[in-house]
Novice: 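Below are the structure tokens for one structure; questions will follow.
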Amino acid sequence: MPGAVFWGQLMNDRVLRVQDLAVHFKVREGLLFNSKTYTLKAVNGVSFELNAGETLGIVGESGCGKSTLARAILGLIKPTRGRVLWLGEDLGKLDEEALRKRREDLQIVFQDPLAALNPRMTVRDIIAEPLWTFYPRIARVQVDERVRGMMKMVGLLPNQINRYPHEFSGGQCQRIGIARALVLNPKLVVCDEPVSALDVSIQAQIINLLKDLQKKLNLSLVFIAHDLSVVKHISDRVMVLYLGRAMEISSRSALYKRPLHPYTSALIKAVPVPDPKLARIASDTGLTGDMPSPLDPPLGCVFHSRCPYVVKRCELEVPALRRMENGDWVACHCAEELDLTIGKAPT
Amino acid sequence: MALLELKDLNVAFEIPDGEVHAVTKLSFSIDAGDALAIVGESGSGKTQTMMAVMNLLAENGSASGKALFKGEDLMQMNAADLNKRRGKEIAMIFQDPMTSLNPYLRIEQQMIEVVMHHQGLTRAEARAHAIEMLRAVRIPDPERRIRQYPHEYSGGMRQRVMVAMGLLCEPDLLIADEPTTALDVTVQAQISQLMTELRAKSNTAIILITHDLGVVAGLCDRVLVMYAGEAVECGTVEQIFYQPKHPYTKGLLKSVPRLDQPDDSGLEAIPGNPPNLLLLPEGCRFRERCPSAHDACRDTPPMQLDGQGHAWRCFLGPTDE
Ligand SMILES: Nc1ncnc2c1ncn2[C@@H]1O[C@H](COP(=O)(O)OP(=O)(O)OP(=O)(O)O)[C@@H](O)[C@H]1O
Ligand SMILES: Nc1ncnc2c1ncn2[C@@H]1O[C@H](COP(=O)(O)OP(=O)(O)O)[C@@H](O)[C@H]1O
Ligand code: SF4
Ligand code: SF4
Ligand SMILES: [Mg+2]
Ligand SMILES: [Mg+2]
């Protein structure tokens, strides 16, 4: 595949830079004649960088903008503001044809494994489709060989190549989705909640598979989930999103021990521990109230309506995402004063 | 006497390709005030077990066996007698709250009907009671909110309304089918806490159907593990979490990603997939995925009992690995 040498030189380099990315939607609320148009800021100023061979976990509750961010990163939605730089090139400035070429490097795996696959296509055609799209002249035998190889790689039996998606379980459909995403040898794969629809025993299979493939192929991976336990085993760094904004971006080793943001700490406490003795003394999340409507997010810090540590300043001033001494990032006015070490009583 | 005792429940569905054996010879019981979890992967028969008990199976489904509620067999009961018990003595929260709330009726109407029907209160009394329940499940501003329609509530609020409705008549038994699965973790935590509080107050017995072993550990006294339509292990939460005997239960516990363990401890998956319920294998149904499978497992494994309420369906003895 083209670009392999160049790629080797880029190891340990930033391959993806996302700068102040925003995606706003116009939505109408209300009945036909007195409807109003609102702006829904699904993603509102997100910045981060990703290295070759690195895995970034993105976590947040439903509606916080995860899928929208995923699409914007891959150039599948036009951002309202901000830039996505892939290998130094601004994807927003490329024309259709150039963007199409870059897509070979950038792939996605979707949440609902069965719904994401065309029910009328065989596994062969589903996995081969990107090959046909990018290499229309490729020989049929070559395609078959590649598809069988991919099936083996993701743990499917190559002799099932002529079967249809409904003949497979959820976990197997997700393997098909992964094989399809990897068939072009991409450099970046964005997985949008790839295991949320799967049972725990199967979830673990898919997480382990992605982790192995990531190492083997030196992929850059963005792994989206709605809960922190799922991304823990696969991420080098984790970003926590809330109402379209990044609250924290920290290395895995720091985040689960001593989160910097009160929302991260609440998300950690909310995950139930599968141990009866520990579960009985499970900590309260400390959160007040419900998630605000994304149509009418709080002013100042978007988290202030639920934050147990809120002070006056939080209602007035939006906290910038800033770098702490240890190199991790947080958007909270009080980050220096708070010690959110897990297992420690709040001060 | 147990509050509810199931004996040899079978559930099957007729489909063009043959017969789906959704539940096979399932027996268990729950005492008054207890909390029992039913866990198992998707399709293992959890929901259909309770649907059969409540006589709510789909047209193509059929069930046999006994379901003794306070000594009376629900499966033999006529619709009128069963209806009298539903809501008042037994309440059920379904997997998807939108299917059980009527989208065209205000929350008020839906809640008041339940109370008036079962408790013979006046409309005004029933309304006051409903508002009190909404407040108990922490719906903000319940006097105003009770006049809204389900679509005006967030997913988490709808689920809390379902919990409120389930507990409205202080039933003896609440069957909750995945009450938190579709919800965000922070909302899940709220609902779990709520169910614990309400249970303590009203002494309601709960059957909690769930995938989430974390929720089980925090909420339940006993656990029934199902696999491919069968009970494979049953015991107290301590027995199941600290001394699991069945290889499937062991595998399930190891595959849960945990926040309270070191970062690099890998996840152990159970290989393979559950069997097709149309073509169930002979012998142990877990055999193809079981790391301890041996020749004997081609026969049907017995249910073993340790005399302390712990039971498991496997050829392995209590100390075998
Ligand atoms: N009407 C039906 N016709 C045919 N098969 C059915 C029907 N209803 C359920 N089944 C099958 O019965 C089996 C058990 O289903 P059940 O709904 O009890 O699973 P479950 O354990 O509740 O799973 P989940 O965790 O996904 O809710 C499944 O294989 C399902 O496909
Ligand atoms: N095409 C669209 N038009 C209007 N609103 C949208 C559209 N797509 C997403 N949204 C809204 O944007 C917000 C973020 O959505 P999404 O990125 O799908 O969240 P997540 O993946 O985190 O659950 C939600 O409030 C959602 O309803
Ligand atoms: S800025 Fe204020 S409201 Fe926001 S997270 Fe920090 S302390 Fe809480
Ligand atoms: S009976 Fe055999 S195959 Fe089945 S769970 Fe026990 S050891 Fe495994
Ligand atoms: Mg999404
Ligand atoms: Mg179910």
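Convention: sequence-line order gives letters A, B, ...; per-chain numbering from 1.
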Novice: Using non-hydrogen atoms only, which part of B/Asn276 is less than 4.5 Å away from chain A: side chain, backbone, both, or neither?
Specialist: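 For B/Asn276, neither part sits under 4.5 Å from chain A.
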Novice: Would you call the rings of A/His166 and A/Tyr164 parallel, tilted or perpendicular, where under 30° means parallel and over 60° means perpendicular?
Specialist: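 Geometry flag for A/Tyr164 against A/His166: parallel rings.
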Novice: Could you walk me through whether B/Arg258 and B/Asp260 pass the salt bridge (charged side-chain N to carboxylate O under 4.0 Å, His left out) test, one step at a time?
Specialist: CA-CA 6 Å; B/Arg258 292 183 62 154; B/Asp260 59 330; 2.8 Å; yes
Novice: Relative to each other, are the rings of A/Phe303 and A/His261 parallel, tilted or perpendicular (30° and 60° limits)?
Specialist: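 Tilted: the ring planes of A/Phe303 and A/His261 meet at 30° to 60°.
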Novice: Is chain B contacted by the side chain of A/Ile268, its backbone, both, or neither, given a heavy-atom distance below 4.5 Å?
Specialist: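 Both the backbone and the side chain of A/Ile268 come within 4.5 Å of chain B.
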Novice: Could you check A/Ile202, A/Val200, A/Leu198 and say which one makes a side-chain contact (heavy atoms from CB on, under 4.5 Å) with B/Glu41?
Specialist: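 So the option named by the test is A/Ile202.
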Novice: Looking at chain B, which one of A/Gln172, A/Met291, A/Gln203 has the largest number of heavy-atom pairs inside 4.5 Å, strictly under?
Specialist: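 Going by pairs under 4.5 Å, I would pick A/Gln172.
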